[in-house]
Amino acid sequence: MRKRNFNINVRVTEGEKKRLKRAAKHYGISLSEYLRKVGLNKKLTEKPSKKLYEVYASVNDLRSNLYPLDGRILERKLSYIEQRILSAYHEREEDDSGGDDKNLGG
């Protein structure tokens with residue numbers, strides 16, 4: 001990693017600082033990293049919620065145990081995963097403060 005030796009001081013209001021910190025937290029990065037990425041037009045990717053990580057683990061578990069399952073069990077497991085995905089999405093939607101995300105449906 002490059003050694004960062006230089007500072008850039010930027011004056012902001014208290015409200016702006018809070019909004020910048022909240023935005024950095026949303027992406028799961030430090031305020032400095034957020035400002036660097038935004039200032040250099042780097043891509044920002046959202047930090048997935050804990051619920052989405054858990055759903056991802058459920059999908060991987062299902063995939064590794066897929067063949068011995070009968071259709072009814074598979075249907076129940078897929079329905080459960082679907083509900084968890086929608087729950088995680090809607091939880092994230094409530095956390096957003098007026099973002100421009102498009103509805104996924106559901």
Report yes or no: do [X] and [Y] belong to one cluster of Ile/Leu/Val/Met/Phe/Trp/Tyr joined by side chain heavy-atom distances under 4.5 Å?
| X | Y | answer |
| --- | --- | --- |
| V38 | L35 | yes |
| Y53 | Y80 | no |
| L20 | V10 | yes |

Looking at side-chain heavy atoms only, is the closest gap between L44 and I29 below 4.5 Å? yes

Over all heavy atoms of both residues, which pair between E16 and T13 is shortest? Give the atoms and the distance, please. OE1-N, 2.8 Å

Scanning both residues in full, the closest heavy-atom pair of S30 with A24 reads O-CB, 3.7 Å

Please report the interatomic distance [atom1]([X]) to [atom2]([Y]), rounded to the nearest 0.5 Å.
| X | Y | atom1 | atom2 | result |
| --- | --- | --- | --- | --- |
| L31 | K17 | CG | NZ | 7.5 Å |
| S87 | E54 | OG | CD | 10.0 Å |
| I73 | L62 | CD1 | CG | 11.0 Å |
| Y34 | K42 | OH | NZ | 16.0 Å |

With a sphere of 6.0 Å drawn around CG of L40, does it hold more than 12 non-hydrogen atoms of other residues, nucleotides or ligands? yes

Between E33 and R36, does at least one N-O distance fall below 4.0 Å, as a salt bridge requires? yes

Which Ile, Leu, Val, Met, Phe, Trp or Tyr residues join L52 in one cluster when any pair of side-chain heavy atoms under 4.5 Å counts as a link? none

For E75, is there any backbone N or O sitting under 3.5 Å from a side-chain donor or acceptor partner on S79? yes

